Each structure stands twice: as structure tokens, then as C-alpha cells.
> 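Mind looking over this structure? Questions follow.
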Amino acid sequence: VDVRVAGVLFEPDALCRALGIVPGAPDAFIVAAAYERWGLDLFAHLRGAFALVMCDRGRGRTVVARDHMGLQPVFYTVHGATIDVAASARDLSRLPGVSRRLNRVALADAVCRRHPDPEETFFDAVRRLPAGSLLEIGAGTWTIRRYWDPLAPAPASVTSEADAFERFETLQRQAVRRCSSVGPSAVFLSGGLDSVSIAAVAADLTAGSDRAGVIALSLTFPGAACDEHDRQAAVASALALPQISLSFDEAVGAESLLAQGL
């Protein structure tokens, strides 16, 4: 099996131990071993921000997959008997034989903040692989299917409100630990409960460790009712987090936001 991985796998050493391979192995080697062990059920064991391609010549199939949350982009285009995949829709639109015609309906939907089709892009010929999904190619056919659905029914894992709180706290710390274990970390710190709670967990996990501390990144809107500068600064100070705070105008810079978007 020939494997290519873009992005990052969380807790790779734990995967190595589960697979009986030497910790520190390259991500592609880990994914290949997981595929040999679990087949297409390997995604129940992988976590991270990744896109991967697995060419299984023995079974005559190629599998392209995107991580559970869709943190790593994956696009594809079908032209004739060929399927191309890439991390950029624009790169695919520049391939020979691929139409560069714009998807005017998708552009209009985006302006109106409507997203009825999560697979469409601003190019007619280029599609997006949805989060938590895989593209399987083989024997002259191809299919796309979900390997993970966050809304799928699942057995109840808690029996009381206290159990639910404890379970949430455990999973939240696990999620923050996974992200902060990859390297130096930062938290987009607003004044809301969600980012404040994540910042608190991150600060607690890195306190007294040899890992680099967490940086708080904040955006302010001076003079506007939605500005949360005072609260952001108070949280960063209470958690002893270095903070980088920019006003909206500073973040946009000299060129207008519309010009940068275009």
C-alpha cells in the first residue's frame, strides 16, 4: 500500500503502540500499518488534521480521505476517465482539460451566506470532499461516503448530569492536549465562554511543563458595542497568557478588506 499524508496525526505514539510499531514512525507508515490492521475502519482510530491518499494495488482501489472535522482541505475534479485531487481548488482548475468556468450560483450563495451544497466550489468542474468522508476509486467507478457522522445515534455514555459534566471535562482536556502536543500553540481569545474555557484548559496543561506556553490572540473593535477588549485582557492576565491584541483596522492593514478578499 502506497500512502501519502498531508497535515498532522494527533497522538501518533499511542497509535504506534496499538499497532506494535516503533514510536516516532512517519505518519505515512503509521497510516499504512493502520490500514493493514483495520482496513477502512482505520478512521475510527485516527484523529488529527489530515488528508491522505492510499493506493492499494492488491485490492485495485485508491482511497482519498479527509479528517473528521475537515480541518485539512481536499478537492477533486472528474474529467473523462481521470480523477485529480489537490488541497487547492484553484490548482485543479489550472490542469489541462479541466474547465475554469465559474460557478455563478455558488458565488451568489456565498454572498448571501447560503451554503446548500457543502461539496460545491466557485468552479463548476471542481468539487470539495466533505469532512469525515472518503473518496474510493476502483474498477472504473468512484464513490464518496461518510466514514464519520457527528449526528449519528450513539449509545448513552452518561447516566446523570454529574456524569455528563465529568465526561465533558475529560474530553475537553483530551482535545486541547491533542492540539497543544503538536507544537507551540495559540488560542483565538474572545470574551466568550467557549474560547475562555479552552484558554483556561490550555494554560493549565502547559503550566509547569517543558512545553512552550500558550499565546492568546485577540481581535478588538474599538468604539463598537461588540468590543470585548477589557474582558479579553482580564482573562489573559488571570491565566498569565502572553497576549497579542490587534484592532480590526490594524489586522486588515493598509489594503481594504474587500481588496484582500478579492
Side-chain angles (χ1 to χ4, degrees), residues 3-35 37-38 40-54 64-74 87 129-134 146-152 154 157-158 163-190 192-218 235-236 239-242 244:
V3 177
R4 297 290 184 271
V5 179
V8 61
L9 296 179
F10 294 157
E11 301 176 326
D13 287 348
L15 275 172
C16 289
R17 289 191 294 271
L19 293 165
I21 59 180
V22 177
D27 285 352
F29 187 87
I30 295 173
V31 171
Y35 178 70
R37 170 78 66 84
W38 297 305
L40 292 183
D41 291 333
L42 83 163
F43 300 106
H45 305 270
L46 300 184
R47 293 294 183 272
F50 60 81
L52 58 88
V53 179
M54 301 182 294
V64 182
R66 191 178 179 196
D67 65 78
H68 300 67
M69 298 300 294
L71 301 175
Q72 192 75 12
V74 180
L129 185 65
S133 299
L134 60 85
R146 273 190 173 274
Y147 64 79
W148 178 72
D149 184 355
L151 300 180
S157 59
V158 296
D163 288 340
F165 180 81
E166 182 178 356
R167 180 70 171 152
F168 175 83
E169 185 176 29
T170 299
L171 292 176
Q172 184 186 45
R173 291 181 69 84
Q174 179 188 66
V176 175
R177 184 184 296 109
R178 282 172 171 167
C179 294
S180 61
S181 67
V182 176
S185 304
V187 176
F188 288 119
L189 180 65
S190 67
L193 177 62
D194 48 359
S195 67
V196 171
S197 64
I198 292 172
V201 173
D204 183 54
L205 290 175
T206 56
S209 71
D210 56 359
R211 288 184 290 172
V214 179
I215 298 174
L217 305 177
S218 299
V235 171
L239 296 176
L241 298 180
I244 298 175

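Heads up: numbering here begins at 1 and tracks the sequence. These numbers come from a predicted model, not from an experiment.
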> Atom CG in D13, atom CD in E11: separation rounded to 0.5 Å?
9.5 Å
> Sub-3.5 Å donor-acceptor pair from the side chain of S180 to the main-chain atoms of V176, do we have one?
yes
> Between R4 (side chain only) and A51 (backbone N and O only), is there a donor and an acceptor less than 3.5 Å apart?
no
> Sequence neighbours left out, what passes side-chain contact (heavy atoms from CB on, under 4.5 Å) with A25? Give chain and number order.
C16, I21, F29, I30
> Does anything in residues 64-73 form a side-chain hydrogen bond (donor to acceptor under 3.5 Å, both in side chains)? List the pairs, not counting sequence neighbours.
R47-H68
> When you measure from the side chain of S181 to the backbone N and O of C179, does any donor-acceptor pair fall under 3.5 Å?
no
> Measure across G183 and S185 and return the closest heavy-atom pair with its distance rounded to 0.1 Å.
O-OG, 3.0 Å
> Which distance, rounded to the nearest 0.5 Å, do you find between the CG of L52 and the CG of L42?
7.0 Å
> If you define the side chain from C-beta out and look only at heavy atoms, does anything of L40 sit under 4.5 Å from Y35?
yes
> What's the shortest heavy-atom distance between V214 and L241, and which atoms?
O-CD2, 3.6 Å
> So which pairs with a foot in residues 192-201 pass side-chain hydrogen bond (donor to acceptor under 3.5 Å, both in side chains), sequence neighbours left out?
Q172-S197, S190-S195
> With a 4.5 Å limit on heavy-atom distance, are the side chains of L189 and V196 in contact?
yes
> Is the closest side-chain heavy-atom distance between D27 and V3 below 4.5 Å?
no
> Tell me which one of L15, L9, V53 satisfies side-chain contact (heavy atoms from CB on, under 4.5 Å) with V31.
L9
> Which atoms form the tightest heavy-atom contact between R37 and L19, and what is the distance?
NH2-O, 3.3 Å
> Is it the case that atom CD in Q174 sees more than 12 heavy atoms from other parts of the structure closer than 6.0 Å?
yes
> Would you compute the distance between atom CG of L134 and atom CE of M54 and round it to the nearest 0.5 angstrom?
7.5 Å
> Could you please spell out the steps behind the side chain to side chain contact (heavy atoms under 4.5 Å, CB included) verdict for M69 and W148?
CA-CA 9 Å; M69 298 300 294; W148 178 72; 4.0 Å; yes
